[in-house]
Amino acid sequence: MISPKQKKILAFPYSRYDALICDGAVRSGKTSLMVAAFIDWAMREFDRQRFGICGKTVKSATENMLTPYLSMRYAKKRYTLCWRSSKQILEVRQGRRVNYFEVFGGRDESSFALIQGRTLAGVLLDEVVLMPESFVNQALARCSVEGARMWFSCNPGNPSHWFKKEWIDKRKERGALYLHFEMTDNPSLSQKTLERYQAMYSGVFYDRYIRGLWVPAEGLVYDMFDPAGNVYQGDIPGLAHRSQRYIACDYGTTNPCVFLDIYDDGQTVRVDREYRWDSRAEQRQKTDQDYADDLTAFMGERWRPVLADPSAASFIAALRQRGVYVLAADNEVLDGIRRTGVLFQRRKLLINSRCAGLIEELQGYVWDEKASLHGEERPVKQRDHGPDALRYFVNYLPDWRFD
């Protein structure tokens, strides 16, 4: 079954519009259908041309768009598909006609160089709100083949975001068809699934991912954190035996340095202890060697993987010299906050009451409202060392933990 809104996606290639913009709630049925419609349009209108399929990263584009498409019975029956993972190119054949769909990641400002020099007949940009403007503009500039069209998909972000101001608000000038999706526009979602997703988020993420609204991030970052539901008391017998143990670190010299002792049983994450050294308060600054000694003492006899601030190269080197297994943590901020919020909302992330510093910081962790006015989303960089260390660990968890 296809919803009326999804039918408009399928009708877009036959319209007078140059671009298609689909935004709205998660799981609203926009992305998977866009990929199928994009490839159908390309195969009908072009032969031996190149197209761009873009996500925030090559991995996210592959997992969110290509992998579902390659498993579609419709696609396998209609086309001969050859995915060349080493080159990130999908070759699609239909009889003598063949086209090539290259996957790109628009993670940061340097990403525009990856797509520079290509000649494209069309581009599909998923998660476009998460991409820098320079990358998007470069991708669009590559669409120089006659008849090229641009396809955009995203969940809402800050109302001052450049994409909303330059594309959604100017859609008539841009010759773009704009479709706004809600979760109810996806006919394949059951009521139970709808309710599950509605219970996953709160605050700004609920407004954006469930209601599909362009709203600013304001107030507390973790407004779903509840001391009654997310804090536990005392020791839990047998915790170490039935859980994987990790240490997460946010390194600081003049700023506080924080270590978190974390246990994960595959269902619930528990932050059991914390180490904190504030050189300003203590009026003594520690060296990398001092911190490495403190961390090994904090771990005790049974050493476990350490997720460390990726910018702390000298501290990581000092730990590795001692034989500690260190992973440079993923420092993705916004997605890490979203993932952490999901676990707090589900009461699957618990903090021991003895982690007083972390609990205090979580309750005072707020969005930077001045940055929000310029379309930037970031927390205030004050008393954020415990939340940063916690986010490093949450970013390490597999994606299925947040479905």
message: Assess the residue pair Lys381 and Asp388 against the criterion (salt bridge (charged side-chain N to carboxylate O under 4.0 Å, His left out)); give the C-alpha distance rounded to whole Å, side-chain angles, the decisive distance to 0.1 Å, and a yes or no.
response: CA-CA 10 Å; Lys381 287 297 294 177; Asp388 281 356; 3.4 Å; yes
query: Between Ile247 and Val324, is a side chain to side chain contact (heavy atoms under 4.5 Å, CB included) present by the stated rule, with each step listed?
result: CA-CA 11 Å; Ile247 306 296; Val324 178; over 6 Å; no
task: Walk me through it: do Met224 and Asn230 pass the test side chain to side chain contact (heavy atoms under 4.5 Å, CB included)?
output: CA-CA 9 Å; Met224 73 296 293; Asn230 293 111; 6.0 Å; no
task: Carefully, step by step, assess Ile337 and Phe205 under the rule side chain to side chain contact (heavy atoms under 4.5 Å, CB included).
output: CA-CA 10 Å; Ile337 287 173; Phe205 294 110; 3.8 Å; yes
task: Test Glu332 against Lys56 for salt bridge (charged side-chain N to carboxylate O under 4.0 Å, His left out), laying out the working first.
output: CA-CA 12 Å; Glu332 175 61 43; Lys56 183 180 180 183; 2.7 Å; yes
query: Leu189 and Met183: side chain to side chain contact (heavy atoms under 4.5 Å, CB included), yes or no, with the steps?
result: CA-CA 8 Å; Leu189 292 185; Met183 293 184 75; 4.1 Å; yes
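Rounding to the nearest 0.5 angstrom, the gap separating the OH atom in Tyr100 from the CD1 atom in Ile89 is 9.0 Å. For the atom pair CE of Met299 and OH of Tyr275, the computed distance is 13.0 Å after rounding to the nearest 0.5 Å. Distance CZ/Phe104 to CD/Gln138: 10.5 Å, rounded to 0.5 Å. Note that CD1 of Ile21 is 8.0 Å distant from SG of Cys154, once rounded to the nearest 0.5 Å. The structure places CG of Leu33 at 8.0 Å from OG of Ser3, a figure rounded to the nearest 0.5 Å. Separation of atoms OH (Tyr79) and CG (Leu90) is listed at 11.0 Å; rounding is to 0.5 Å.
Shortest non-hydrogen contact noted between Ser243 and Asp265 is OG-CB, 3.6 Å. Taking every heavy atom of both residues into account, Ser353 and Ile359 meet most closely at CA-CD1, 4.0 Å. Scanning all heavy atoms of the two residues, the minimum distance from Val326 to Ala308 falls at CG1-CB, 3.9 Å. Heavy-atom minimum distance, Leu350 versus Gly229: CD2-O, 3.5 Å. Here the shortest heavy-atom pairing between Asn64 and Thr31 reads O-CG2, 4.3 Å. Taking each heavy atom of Trp167 and Ala19 in turn, the nearest pair found is CZ3-CB, 4.1 Å.
Arg27 and Tyr197 are linked by a side-chain donor-acceptor pair at a separation below 3.5 angstrom, with hydrogens and angles left out of the test. In the model, Asp40 has a side-chain atom that pairs as donor or acceptor with a side-chain atom of Tyr74 under 3.5 Å. With 3.5 Å as the limit, one finds a donor-acceptor pair spanning the side chains of Asp290 and Thr287.
Counting only heavy atoms from C-beta outward, the side chains of Leu390 and Tyr222 never approach each other to under 4.5 Å. Contact annotation: the side chain of Asp47 approaches that of Val98 to within less than 4.5 Å [non-hydrogen atoms, C-beta and beyond]. Using a 4.5 Å heavy-atom threshold, the side chains of Asp288 and Tyr251 count as touching. Under the 4.5 Å side-chain criterion, counting only non-hydrogen atoms from C-beta, Thr62 is not in contact with Ser85. Using a 4.5 Å cut-off on side-chain heavy atoms (C-beta onward), Trp83 and Leu66 make contact. The shortest distance between side-chain heavy atoms of Leu10 and Gln6 does not fall below 4.5 Å. Contact annotation: the side chain of Leu295 approaches that of Phe315 to within less than 4.5 Å [non-hydrogen atoms, C-beta and beyond]. Using a 4.5 Å heavy-atom threshold, the side chains of Leu260 and Cys355 count as separate.
Just one of Asp330, Asn331, Thr340 meets the side-chain hydrogen bond (donor to acceptor under 3.5 Å, both in side chains) condition when paired with Arg391; it is Asn331. Partner Glu195 forms a side-chain hydrogen bond (donor to acceptor under 3.5 Å, both in side chains) with one of Lys192, Gln191, Gln198 and no other, that one being Gln191. The only member of Arg270, Lys348, Arg401 that meets salt bridge (charged side-chain N to carboxylate O under 4.0 Å, His left out) when paired with Asp264 is Arg401.
Applying the 6.0 Å contact sphere to CD of Gln285 captures more than 12 heavy atoms from other residues, nucleotides or ligands. Around the CD atom of Gln289, the shell of radius 6.0 Å holds more than 12 heavy atoms that belong to other residues, nucleotides or ligands. Annotation: Arg302, atom CZ; neighbour count of heavy atoms from other residues, nucleotides and ligands within 6.0 Å does not exceed 12. Counting non-hydrogen atoms of other residues, nucleotides and ligands closer than 6.0 Å to CZ of Arg96 gives a total of 12 or fewer. Sparse packing is recorded around OH of Tyr325, with 12 or fewer heavy atoms of other residues, nucleotides or ligands lying under 6.0 Å away.
For the pair Arg304 and Tyr246, the cation-pi test (distance below 6.0 Å, angle within 45°) is failed. Annotation: cation-pi pair Arg149/Phe12 present, NZ/CZ under 6.0 Å from the ring centroid and within 45° of its normal.
Look at Asp399 and Arg339 and you find a salt bridge, because one of the NZ, NE, NH1 or NH2 atoms lies within 4.0 Å of a carboxylate O, short of that distance. For Asp185 and Lys8, the salt-bridge test fails: no basic side-chain N is under 4.0 Å from an acidic carboxylate O. Between Asp126 and Lys30, none of the side-chain N atoms (NZ, or NE/NH1/NH2) sits under 4.0 Å from a carboxylate O, so this pair counts as no salt bridge. Salt-bridge check for Arg245 with Asp261: passed, with a basic side-chain N closer than 4.0 Å to an acidic carboxylate O. Ion pairing between Glu361 and Arg276 holds under the 4.0 Å rule for side-chain N and carboxylate O. Checked for salt-bridge contact, Arg354 and Asp235 meet the test: a charged N lies under 4.0 Å from a carboxylate O. Contact check on Asp169 versus Lys165 returns no salt bridge, with no Lys/Arg side-chain nitrogen under 4.0 Å from an Asp/Glu carboxylate oxygen. Between Glu282 and Arg284, no side-chain nitrogen of the basic residue sits less than 4.0 Å from a carboxylate oxygen of the acidic one, so the salt-bridge criterion is not met. Comment: Lys5 does not engage Glu182 in a salt bridge, judged by the lack of any side-chain N to carboxylate O separation of less than 4.0 angstrom. With respect to Arg208 and Glu377, a salt bridge is recorded, a charged nitrogen being found less than 4.0 Å from a carboxylate O. Here Arg174 pairs with Glu166 in a salt bridge; the nearest charged N to carboxylate O distance falls below 4.0 Å. Between Lys164 and Asp23, none of the side-chain N atoms (NZ, or NE/NH1/NH2) sits under 4.0 Å from a carboxylate O, so this pair counts as no salt bridge.
The aromatic ring centres of Phe163 and Phe152 sit less than 6.0 Å apart. Here the two rings, on Phe46 and Phe51, have centers that are under 6.0 Å apart.
With Asn352 contributing its side chain and Gly234 its backbone, the two residues share a donor-acceptor pair below 3.5 Å. When atom types are taken as modelled, the side chain of Asn99 and the backbone of Gln49 share a donor-acceptor pair closer than 3.5 angstrom.
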